[in-house]
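Notes follow the structure.
What's counted below: heavy atoms across the whole structure, side chains too, no hydrogens, waters or symmetry copies. A note on names: the letters A, B, ... follow the listed sequences, proteins ahead of strands, and every chain is numbered from 1.
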Amino acid sequence: MAFLEISGITKHFGQGAGAAVDDFSLSVERGEFISFLGPSGCGKTTTLRVVAGFEQANAGSVHINGAEVSSVPANRRNVGMVFQAYALFPNMTVAENVGFGLRVAGQPAALMQARVAEMLELIRLPDYGRRYPHQLSGGQQQRVALARALAVQPQLLLLDEPLSALDAKIRIELRSEIRRIQQELKLTTIYVTHDQEEALSLSDRIVVMNLGRIEQVGTPFEIYNYPRTAFTASFVGHLNLLPVQVTDAATGACTFEGTALASSQPAPNKQAGSARLAIRPEELVLGGAGANRLSGRVLSVNFLGNVVRVRVRVGAVELSVDMFNERKLVLPAVDAQVVLSFPAHACWLMD
Amino acid sequence: MAFLEISGITKHFGQGAGAAVDDFSLSVERGEFISFLGPSGCGKTTTLRVVAGFEQANAGSVHINGAEVSSVPANRRNVGMVFQAYALFPNMTVAENVGFGLRVAGQPAALMQARVAEMLELIRLPDYGRRYPHQLSGGQQQRVALARALAVQPQLLLLDEPLSALDAKIRIELRSEIRRIQQELKLTTIYVTHDQEEALSLSDRIVVMNLGRIEQVGTPFEIYNYPRTAFTASFVGHLNLLPVQVTDAATGACTFEGTALASSQPAPNKQAGSARLAIRPEELVLGGAGANRLSGRVLSVNFLGNVVRVRVRVGAVELSVDMFNERKLVLPAVDAQVVLSFPAHACWLMD
Amino acid sequence: MTKSRFNPWTWLWVTVATLYFFVPLWGTFDFSLRMKRGAITFLAYQKVFADPKFLQSFRYSATMGVITVIVSIMLFVPTTYWIHLKLPRLRPVVELLTLLPFIIPVIVLVFGLIRTFSRPPFRMTQTEFTTDILITAGYVILSMPFMFRAVDVGMRAIDVRTLTEAAQSLGAGWLRVLLSVILPNLRVAILSGSLITFATVVGELILADFLVRPALGPYMVVVGGGKAYEPAALGILSFGLTWICLGIIQLVSRGDVRLQPIGR
Amino acid sequence: MTKSRFNPWTWLWVTVATLYFFVPLWGTFDFSLRMKRGAITFLAYQKVFADPKFLQSFRYSATMGVITVIVSIMLFVPTTYWIHLKLPRLRPVVELLTLLPFIIPVIVLVFGLIRTFSRPPFRMTQTEFTTDILITAGYVILSMPFMFRAVDVGMRAIDVRTLTEAAQSLGAGWLRVLLSVILPNLRVAILSGSLITFATVVGELILADFLVRPALGPYMVVVGGGKAYEPAALGILSFGLTWICLGIIQLVSRGDVRLQPIGR
């Protein structure tokens with residue numbers, strides 16, 4: 001049995017309401033970083049709260065380190081929790097907040113002090129022990145909340161959209177802090193988020209959820225490059241879809257508005273007919289000499305920072321093409337005629 | 001005089017408090033899309049509220065279309081406003097919300113109905129007229145708020161972090177909707193945000209603000225590739241900084257831990273000595289044959305979706321390298337020795 | 001945290017609260033039915049309704065109640081709106097001020113009113129009409145906490161400030177904003193404030209007594225002093241009136257789906 | 001919206017409110033100093049303090065006030081906490097319930113209490129001690145709106161639920177959460193609720209009168225009926241006491257910087 005074993009969790013809120021979580025099962029190995037990714041209301045937070053012990057599931061069981069915990073109250077599960085709203089105790093200093101769990105556990109004062117200092121070192125706020133939460137910025141408060149959860153050496157760390165309340169810049173900073181600390185301590189972690197970039201960059205594995213159900217479980221690379229459902233494909237990253245006619249289901253050959261295109265995988269339903277050819281914007285190249293070539297007209301050029309996204313109309317569809325920013329880059333002009341190319345291995349057929 | 005002329009706006013809140021906005025001046029041409037970008041508390045929202053007429057500046061003036069508006073109340077400025085909190089009127093249907101401004105202006109019912117229908121068409125919610133705001137999702141509510149602001153054909157559209165309350169996925173969708181509508185209507189627009197990607201992708205020009213002051217005004221490309229202050233360089237995008245010794249200030253030649261590096265611009269203070277060489281992660285190439293070559297060890301590989309960010313330790317510093325995801329990509333292994341290269345034109349010297 | 005949904009503590013509390021409230025009520029009701037020895041009758045109620053003084057004082061109190069409600073709305077809705085919009089820092093001060101009627105004993109208020117306004121230059125206790133003006137002023141003060149709080153809570157629920165700014169940016173002036181945007185969204189709040197104000201005025205005792213006006217409160221005390229069963233019947237009647245008021249509030253606020261937040 | 005910071009309407013309101021409150025107060029104060037014809041003296045105050053009945057009734061009311069405060073805290077803090085945490089849907093119902101004392105005339109409550117508890121099996125009006133228990137119960141009901149509301153507002157300000165869950169995930173049990181996390185953050189709320197409760201009890205009139213206990217309210221009415229200057233002095237004294245209470249609340253809540261939100 002895995003370190004954390006979630007089996008068949010189902011949760012309804014009230015009679016008649018649909019299931020907030022529907023038959024959720026997952027095995028998490030010790031030290032793994034797992035993200036629950038999905039839109040609002042997909043059940044990811046509810047699942048987390050069941051694991052934490054703040055909600056009772058209507059069906060299913062949770063095993064932590066081999067022990068069934070469904071009837072163990074939240075305060076005896078030894079599970080660290082970080083909330084979106086920080087939830088620091090406003091009446092305590094930073095050091096008292098971080099030491100709270102140890103004080104509850106009745107640890108001696110000396111050990112507590114040492115541990116608090118160690119934790120403040122870990123979150124890189126060693127001199128902030130005497131401040132009160134309201135004297136800190138949002139990002140600092142969330143660091144302290146993390147230290148507080150870690151001080152008791154929990155078996156499991158749960159984070160419920162911990163970065164949603166923060167500014168974009170601080171979000172990215174704190175994201176790598178969380179990953180660094182998690183890897184230093186080799187902590188089994190579950191991270192709930194609606195932000196695909198957070199999930200992709202942080203996780204060992206991602207659980208994509210929709211309408212209370214699991215859509216796909218896999219590494220970021222698998223989820224992004226080999227999505228198994230239409231929801232996953234469209235929710236994670238941007239995807240170009242070309243309506244094509246499959247000409248050879250076995251080899252994945254097809255035509256788009258008369259142009260023959262090759263894909264390296266067979267069609268999913270193994271037969272000819274209408275299908276959609278999927279390709280990520282970053283696999284398309286302007287100009288270039290890929291196996292597949294399409295020509296079109298530039299609609300817009302969008303500067304996103306390190307990436308420039310060009311929208312090109314090809315026949316009846318609009319395709320997005322990503323290219324890296326360069327200081328010397330000459331951006332394609334709007335309305336210019338361009339050729340797009342992509343290799344056969346970069347695209348796949350979907351229903 | 002430009003269409004919107006903001007001159008020397010200064011705003012204090014209460015005696016003794018520092019200036020929330022300090023001598024802000026900007027000329028905006030008709031039809032331009034301008035973003036105010038900066039961290040929380042940098043004065044961007046206060047400036048917007050001065051333009052809208054919700055705050056009175058302590059000094060400075062605002063001219064819209066040639067007319068001084070400082071003493072014109074907000075309801076006679078003909079300026080459309082979209083709020084972070086949507087601010088739809090809960091007692092009115094979507095159609096009544098969108099038609100509110102026309103009703104206030106005393107437009108005949110027929111014209112009003114036609115205009116409301118046209119607006120709902122524009123935001124792609126043509127069948128939602130009879131619903132109440134609480135029956136819509138957050139993204140739909142914000143679309144309606146946009147339609148409501150546009151229905152009165154304002155001279156100027158102001159948006160105050162309109163996407164901050166929404167999920168990541170919907171944020172990106174609505175972003176391109178806003179841009180599309182702005183371009184269709186050729187509306188002069190000011191957009192306040194703390195999210196650099198939003199500002200970069202939407203704007204004709206960006207105003208980077210910090211501590212109540214303007215740091216830099218420029219196109220997204222300029223702001224990103226040619227930041228003029230250290231704040232702009234670090235706030236917009238990720239930046240690698242190498243501590244170098246300038247050997248020839250005129251040509252921009254320098255050395256990093258013994259390795260000679262070339263940059264194509266002269267050093268900013270025109271003299272030799274310590275400086276920092278700046279380079280964006282996407283200009284660095286693993287392997288490759290750029291003019292400048294550094295070797296180092298891979299620390300971590302971070303999958304972000306379309307981009308993979310590799311952190312490499314080179315001597316005493318850590319550099320980030322961005323590469324595009326490909327389905328066939330073999331990610332570099334952690335701890336592998338790699339060579340990084342970059343062209344001379346891609347980097348620049350900073351103090 | 002506990003697994004069971006039927007926490008015994010919850011039920012204990014509900015039971016205790018129920019007993020605390022309803023045992024005395026039931027006792028009163030039971031007693032009011034026993035005017036005729038050995039039988040359950042509504043005789044006490046009949047006697048109450050037969051007394052012309054009851055009807056007279058009820059009519060007086062009800063009229064004063066309606067007037068007080070109207071004056072209160074006109075005073076407190078704009079004031080509270082103004083405070084929310086322009087002087088949010090004043091809110092705690094005003095909140096304290098509106099609590100004064102709870103804290104200053106009514107009797108002090110009455111002394112003050114009489115001392116000040118019965119002497120020159122006011123001489124307001126000389127005629128019934130001016131006395132009624134004075135008493136309305138007193139009632140408005142007494143009901144201030146309810147009306148202010150109800151409106152205040154209502155305004156906080158809808159983010160008055162952003163709604164006002166949204167309406168202004170669409171060209172609406174102050175009056176338009178207040179009538180088209182703010183008031184319709186405060187319907188429930190104002191109604192609940194009004195009903196509580198009305199109930200307070202109808203039940204008020206001391207003000208009317210000291211200013212010698214024929215209100216329901218003093219009448220009830222007189223009856224209560226002299227008789228046994230009628231006061232019980234009166235108590236039950238006034239309690240019933242109260243519950244009808246509360247019922248109306250509940251009904252209206254439930255019907256108003258538009259005030260419900262989205263989702264869970 | 002208007003340019004000027006000194007809006008004439010604001011000032012008009014402030015002036016009207018000031019006159020409304022302070023003219024009667026000033027009148028009463030002025031009157032209380034004129035016991036000796038043609039001179040300004042504190043004679044009326046001296047007489048009040050010289051009356052042993054005043055001290056006796058003040059001591060009685062103060063004692064009952066303190067007891068009521070303690071009982072209220074013990075009843076309403078855990079109850080409100082429980083409602084916030086477990087039964088948030090019950091909150092509006094409880095809020096309505098706590099408003100009942102405003103709506104049901106006190107006199108009905110008194111009738112109910114006497115009818116029920118003076119008869120077998122309770123017979124609580126037989127001895128002074130049991131009567132005091134009964135009167136405390138009445139006071140707790142009367143002060144319920146203040147205590148519940150103060151605690152309720154305090155709990156909403158700190159997001160009780162998330163704080164509780166945070167403390168639980170760190171291993172704290174219910175009692176620990178309540179004592180270490182919830183109560184310290186409710187200090188100001190509980191103090192303000194307590195002071196208002198205390199003031200209410202001290203000023204209360206009808207309950208003590210009907211249960212024939214020597215409280216300050218009935219004493220003031222007796223004095224007010226028979227004398228002229230002493231009641232004015234009493235009024236001013238009780239007003240002063242009230243302001244001291246309010247001052248303490250303000251002082252404590254201002255000192256408590258930790259309750260201030262971050263930035264603007």
Give the intermediate values and the outcome of side-chain contact (heavy atoms from CB on, under 4.5 Å) for residues Glu283(A) and Phe324(B). CA-CA 8 Å; Glu283(A) 302 258 23; Phe324(B) 270 133; over 6 Å; no
For Val301(B), is it the side chain, the backbone, both or neither that has a heavy atom under 4.5 Å from a heavy atom of chain A? neither
Top contributor to chain B contacts, counting heavy-atom pairs under 4.5 Å, from Arg327(A), Glu198(A), Glu282(A): Arg327(A)
Given heavy-atom pairs under 4.5 angstrom as the criterion, report whether the side chain, backbone, both or neither of Val308(A) touches chain B. neither
Could you go through the side-chain contact (heavy atoms from CB on, under 4.5 Å) check for Asp195(B) and Arg171(A) one step at a time? CA-CA 10 Å; Asp195(B) 185 322; Arg171(A) 230 163 25 217; 4.3 Å; yes
If I compare all heavy atoms of Leu304(A) with all of Arg175(B), which pair ends up nearest, and what's the gap? CD2-NH2, 3.8 Å
Would you say Leu241(B) has more than 12 foreign heavy atoms packed within less than 6.0 Å of its CG? yes
One option among Gln183(B), His345(B), Arg179(B), Glu197(B) has the most heavy-atom pairs under 4.5 Å with chain A, and it is His345(B)
Who among Pro220(B), Pro343(B), Ser176(B), Pro281(B) has the most heavy-atom pairs with chain A under 4.5 Å? Pro220(B)
Measure the shortest side-chain to side-chain distance between Asn225(A) and Phe303(B) over non-hydrogen atoms and say whether it is less than 4.5 angstrom. yes
side-chain contact (heavy atoms from CB on, under 4.5 Å) for Arg309(B) and Asn306(A)? Distances and angles first, verdict last. CA-CA 11 Å; Arg309(B) 176 159 292 178; Asn306(A) 55 352; 4.0 Å; yes
Any donor-acceptor pair under 3.5 Å from Asp167(A) side chain to Ser40(B) backbone: yes
So what's closer than 4.5 Å to chain A heavy atoms on Ser203(B): side chain, backbone, both or neither? neither
Might you work through the side-chain contact (heavy atoms from CB on, under 4.5 Å) test for His194(A) and Lys169(B), ending with a clear yes or no? CA-CA 8 Å; His194(A) 63 256; Lys169(B) 197 78 193 171; over 6 Å; no
Heavy-atom pairs under 4.5 Å with chain B, option from Arg280(A), Met323(A), Gln196(A), His238(A) with the top count: Met323(A)
Heavy atoms of other groups near Arg293(A) CZ, more than 12 under 6.0 Å: yes
Quick check for you: among Tyr226(A), Tyr224(A), Trp348(A), which has the greatest number of heavy-atom pairs under 4.5 Å with chain B? Tyr224(A)
Rounding to 0.5 Å, atoms CG (Asn302(A)) and CG (Leu202(B)) come to a distance of 7.5 Å
Heavy-atom closest contact (Phe221(B) atom, Glu326(A) atom, distance): CZ-O, 3.7 Å
